[in-house]
Protein chains: 2
Amino acid sequence: MPPSGKPVTLKDLAAHAGVSRSTVSLVLQESPLVAKSTRERVMAAVRTLGYVYNRGAATLRSARTHTIGVVVHDIANPFFGAMVAGIDETLQNADYVSFLASTGDSPERQQRLINRLREQRIDALLLCPAENTPETLLDTLERWGLPCIEVMRHVGASPRGHYVGADIRAGMIRAVTHLAGQGHRHIALLTGPGHSSADRDRMAGFQAAMEDAGLVPDIRTGRGELTRRAGLERTLEIMSEATPPTALICHNDLMALGALLALARLGLTPGVDCAVIGIDDSDEAALSEPALSSIATHPHAIGSAAAELALACLDHPGGEPQRLVLDTSLHLRASADHCLHRSREPS
Amino acid sequence: MPPSGKPVTLKDLAAHAGVSRSTVSLVLQESPLVAKSTRERVMAAVRTLGYVYNRGAATLRSARTHTIGVVVHDIANPFFGAMVAGIDETLQNADYVSFLASTGDSPERQQRLINRLREQRIDALLLCPAENTPETLLDTLERWGLPCIEVMRHVGASPRGHYVGADIRAGMIRAVTHLAGQGHRHIALLTGPGHSSADRDRMAGFQAAMEDAGLVPDIRTGRGELTRRAGLERTLEIMSEATPPTALICHNDLMALGALLALARLGLTPGVDCAVIGIDDSDEAALSEPALSSIATHPHAIGSAAAELALACLDHPGGEPQRLVLDTSLHLRASADHCLHRSREPS
DNA sequence: GGACGTATTTGGATCGATCCAAAACGCTCA
DNA sequence: TGAGCGTTTTGGATCGATCCAAATACGTCC
């Protein structure tokens, strides 16, 4: 038994169990080659001596740490809480663990975090990239041989490697079709400035859906965060215009909930005087007053799919890039289920 | 230059820069002992060869990974987003990185995650413990020699080692004093079942504050999550009683926001018919309708203080346990700023 | 030029785990 | 009992970085 403060090693376990270091190593790897009685002796030594595996040492020889890095841009967005839960559930079944890091939408901070994860020898990376992420990041990851699955956002005009996302376009079509059916002709999209693929996907999907419906798209990009407060502030501005839109589709639920607050502040009836649709269908959407209609992106399923894809890449390296675009659905609630009063519609 | 797929090592850098492996190592450690021109040659080799440091190898000899584990019970709670931002800001200045893991309030999952972090040789742990965490966890951490700072919650009846938290008691006193000053006599606390120190602290603080005010405490514990939905559901139940409380203090802002929703659903005027006070003072508190009064716990400052304490422990090992209990403040908004109508008060 | 002191660099050992070919062991059959 | 075969265990080399005492280099002074 080494003195306090000195870590227990395989050598100590081997001495205690009366076997070689190699046998101990095989036991810890759950190798089927070891006899049951031997395995039991070693595991008893592990418990008795309080051994803690040294993954750093193991990385010098073995290929795997069984650790996945998860890098997202905003952990305060409930979408990521649900997505990470899906990731972790899937990884747990494979005896992998995820380490989460948050970039605050800064490409520099993102690079630093990814470097640090790589230094720890993560096996793969699940990345929801910061806005303005340069494509050189993907070159670097490729050079490293680090499998990367982009999730929900991708670097560049289209995903280059593995990607898991939601079918925003289909969601937009459903939302616009629904709003048009209710009489809305002036529908606005509130989104970011276009520095992320999430912005651009929403814009493209919205544009296509509006053109399909024979309507003129009104796309409201804006700088800054995609938060509740931003949704509120920007909606206050929009509604102060001479001919404001009669319906809003917001970048995410947080912004949509902010928009509902703004409408209420203006003495308008959210959902009646102006329809609001969010994206993500967070738990909160169902609870708000009025309940928020939202394009459901199923973050838990997104997380699970991304983790499955990572594990598959690790099992079968060198495969073709996989693009998984999961179905969305439109969850209609009070914020967008009233027919528009004709008197509110411009000629 | 080693072939693709084979990592660049110190040996490769040394050959490229025309120095020894030891010199390379000293340069990477930013040792002042190395000549400037030598350092430049080595750093040029690093860039040219695309070297990635191997922290696993380094952990075999050096004492530090410059990595802090952050283990929390619910990443979807905005409190933790803000706290982690505070942690990361402080750690970045010291060239440390945090890896975040979420336990879902499960002690078993928590143990598994902490084991995995330890295997990666994190330098210290910031822990907001899952409810029902056994004290044996602290024994284990001590045996490992892993510095641990409990944050906001602690294991056992009182913190045993380092702790950073908020002065909930002072916050409770302010909230109760304020409500009593407005005429409230029946004030209820909505909190968890008492399995976490956060629950118990709130109960004790509330009890003491109510006794100080000469009022009878009404403590509503409940099973399950401390979420918006839970706040809504439990408030609906409470308000269906014959003599419901005229004021609610909720475990956190999420629950308080749920309570506001419930009151509105019941046709009551939130803040007038029943006052509501949350805990945390999240961004959302200011935006809701009515704006939520909240005991501000300053999560960003909590995170910074915890990270500072961790760094101090690492710089000066063996010091006395530090207990930092940061001031709270009461942020009064519309949800609790009306004097109570006398007709609503029981005799 | 040699001695001395300081600055800089070096090289072999070490760290804890894995790898893999070889050794050891146990069982069965002739 | 010995040979053959399958099962189990072993031990030395290796991995990439750090450590630290020793070696080397450099500048200054006499």
Side-chain angles (χ1 to χ4, degrees), chain A residues 1-3 5-43 45-46 49-67 116 118-121 123 144, chain B residues 2-3 5-43 45-46 49-67 116 118-121 123 144-145:
Chain A
M1 183 65 184
K6 179 87 172 65
V8 178
T9 67
L10 291 204
K11 185 176 170 182
D12 305 313
L13 294 180
H16 199 270
V19 297
S20 78
R21 294 171 295 107
S22 297
T23 302
V24 171
S25 181
L26 291 173
V27 170
L28 295 180
Q29 293 176 64
E30 299 179 5
S31 170
L33 301 179
V34 184
K36 185 171 184 305
S37 62
T38 306
R39 177 178 299 115
E40 285 166 354
R41 279 203 328 274
V42 172
M43 292 313 294
V46 167
L49 299 186
Y51 171 74
V52 176
Y53 194 70
N54 189 334
R55 280 193 190 266
T59 63
L60 288 183
R61 291 299 306 225
S62 73
R64 294 281 154 80
T65 59
H66 285 233
T67 308
R116 286 300 293 264
R118 181 61 187 144
E119 289 170 7
Q120 300 280 160
R121 280 357 193 210
D123 295 334
W144 285 349
Chain B
K6 179 87 174 59
V8 178
T9 66
L10 292 203
K11 184 175 171 186
D12 305 312
L13 295 181
H16 199 272
V19 298
S20 79
R21 294 171 294 109
S22 296
T23 302
V24 171
S25 180
L26 291 172
V27 170
L28 295 179
Q29 293 177 63
E30 298 180 8
S31 170
L33 299 180
V34 184
K36 185 172 185 303
S37 63
T38 305
R39 178 179 299 114
E40 284 166 354
R41 278 199 335 269
V42 172
M43 293 313 295
V46 168
L49 300 186
Y51 170 75
V52 175
Y53 194 68
N54 188 334
R55 283 195 187 266
T59 64
L60 288 182
R61 291 298 305 226
S62 74
R64 292 282 154 81
T65 60
H66 285 228
T67 308
R116 286 299 292 265
R118 182 60 187 144
E119 288 170 6
Q120 299 281 158
R121 290 329 198 232
D123 297 332
W144 285 348

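Convention: sequence-line order gives letters A, B, ...; per-chain numbering from 1. As a basis for the values below, the full set of heavy atoms in this structure was taken, side chains included, without hydrogen atoms, waters or symmetry mates.
Note on A:Thr23: a base of the nucleic acid sits closer than 4.0 angstrom, heavy atoms only. Contacts of B:Arg55 with the nucleic acid, taken as non-hydrogen atoms under 4.0 Å apart, are absent. Among the atoms of the strands shown, only primed sugar atoms or phosphate atoms (P, OP1, OP2) are found under 4.0 Å from some heavy atom of A:Val19. Across all strands, A:Ser62 comes closer than 4.0 Å only to sugar-phosphate atoms, never to a base (heavy-atom distances).
Judged purely by atom type and a 3.5 angstrom limit, A:Arg55 has no side-chain atom pairing as donor or acceptor with the backbone of B:Glu119. The backbone N or O of A:Val34 sits nowhere less than 3.5 Å from a side-chain atom of A:Thr38 that would complete a donor-acceptor pair. For A:Arg116 (side chain) and B:His66 (main-chain N/O), a donor-acceptor pair under 3.5 Å exists by modelled atom type.
An angle of 50°, rounded to 10°, separates the two end axes of the helix from C:dG1-D:dC30 to C:dA30-D:dT1, each defined over five pairs.
The minimum heavy-atom distance between A:Tyr51 and A:Leu28, with the atom names listed, is CE2-CD1, 3.6 Å.
Shown for residues 25-40 of chain B: residues whose heavy atoms fall under 4.0 angstrom of DNA chain D, namely B:Ser25, B:Gln29.
The side-chain heavy atoms of A:Arg121 and B:Val52, taken from C-beta on, include a pair separated by under 4.5 Å. Put simply, the side chain of A:Ser25 reaches to within 4.5 Å of the side chain of A:Leu10, judged on heavy atoms.
Bracketed by its first and final contacts, the part of DNA chain D lying under 4.0 Å from non-hydrogen atoms of chain A reaches from D:dT8 to D:dG16 in 5' to 3' order.
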- Decide yes or no on side chain to side chain contact (heavy atoms under 4.5 Å, CB included) for B:Thr9 and B:Asn54, but give the supporting numbers first. CA-CA 8 Å; B:Thr9 66; B:Asn54 188 334; over 6 Å; no

- Message: Between B:Val42 and B:Leu26, is the side chain to side chain contact (heavy atoms under 4.5 Å, CB included) condition met? List the steps.
- Response: CA-CA 10 Å; B:Val42 172; B:Leu26 291 172; over 6 Å; no

- Quick one, give me the B/S/- string for nucleotides 22-27 of chain C, reading 5' to 3', where B means a protein heavy atom under 4.0 Å from the base and S means that only happens at the primed atoms, P, OP1 or OP2. ------

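For the residue pair A:Gln120/B:Thr67, the side-chain donor-acceptor check at 3.5 Å is satisfied.
If you find the closest nucleotide of DNA chain C to B:Arg121 and to B:Gly18, the one lying nearer the 5' end belongs to B:Gly18.
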Can you give the donor-acceptor pairs under 3.5 Å from side chains of residues 14-21 of chain B to other protein atoms, not counting sequence neighbours?
unit_1, atom_1, unit_2, atom_2, d
B:Ser20, OG, B:Ser22, N, 3.2
B:Ser20, OG, B:Thr23, N, 3.1
B:Ser20, OG, B:Thr23, OG1, 3.2

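The salt bridge (Lys or Arg N to Asp or Glu O under 4.0 Å) contacts involving residues 26-41 of chain A comprise A:Lys36-A:Glu40, where partners must be two or more places apart or lie in separate chains.
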